[in-house]
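FYI, the numbering just counts along the sequence from 1.
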Amino acid sequence: MNLAPGNQLVLLLGAGDERTNREALETWVRLQLPTLRGMTNQQLLAELIHRLEKLLTDYLEVGP
């Protein structure tokens, strides 16, 4: 992911302790992984990207 520096995604992706977009994304991925058991690494990456894109798109359409 080409993640911009800053903290704009912390509230959307984080769990409360994150200070940067990267930390928030790492937390979000860690929380998603238990729901994606049994996938190959390729499937896992594709699903994570799909979920993240959907989350961001939904957020932009609906707003905070």
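Linking Ile, Leu, Val, Met, Phe, Trp and Tyr residues whenever their side-chain heavy atoms come within less than 4.5 Å places Leu52 and Met39 in a single cluster. In the hydrophobic clustering of this structure, Val29 does not group with Leu11; members are Ile, Leu, Val, Met, Phe, Trp, Tyr whose side-chain heavy atoms approach within less than 4.5 Å, directly or through other members. There is a path of hydrophobic side-chain contacts, each under 4.5 Å, that joins Leu25 to Leu44. Under the 4.5 Å side-chain contact rule for hydrophobic residues, Leu3 and Trp28 share a cluster.
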Query - Stepwise side-chain contact (heavy atoms from CB on, under 4.5 Å) test for Leu56 and Leu9 - result: CA-CA 9 Å; Leu56 294 173; Leu9 299 176; 4.0 Å; yes

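Applying the salt bridge (charged side-chain N to carboxylate O under 4.0 Å, His left out) test to every pair with at least one member in residues 38-55, sequence neighbours left out, gives these pairs: Glu47-Arg51, Lys54-Asp58. Judged as a salt bridge (charged side-chain N to carboxylate O under 4.0 Å, His left out), the pairs with a partner in residues 4-23 (not counting sequence neighbours) are, in order, Arg19-Glu23, Arg22-Glu26. Within the structure, salt bridge (charged side-chain N to carboxylate O under 4.0 Å, His left out) contacts touching residues 27-39 (residues at least two apart or in different chains) do not occur.
Pairing each heavy atom of Tyr59 with each of Leu12, the nearest pair is CD1-CD1, 3.8 Å. Across Ala24 and Val10, no two heavy atoms sit closer than the pair CB-CA, 3.7 Å.
Side-chain atoms of Asn7 never come within 3.5 Å of backbone atoms of Asn21 as a donor-acceptor pair (strictly under, hydrogens ignored).
Atom CG of Leu33 has more than 12 neighbouring heavy atoms from other residues, nucleotides or ligands inside a 6.0 Å radius.
Here the OG1-CG distance, from Thr40 to Leu45, works out to 9.5 Å after rounding to the nearest 0.5 Å.
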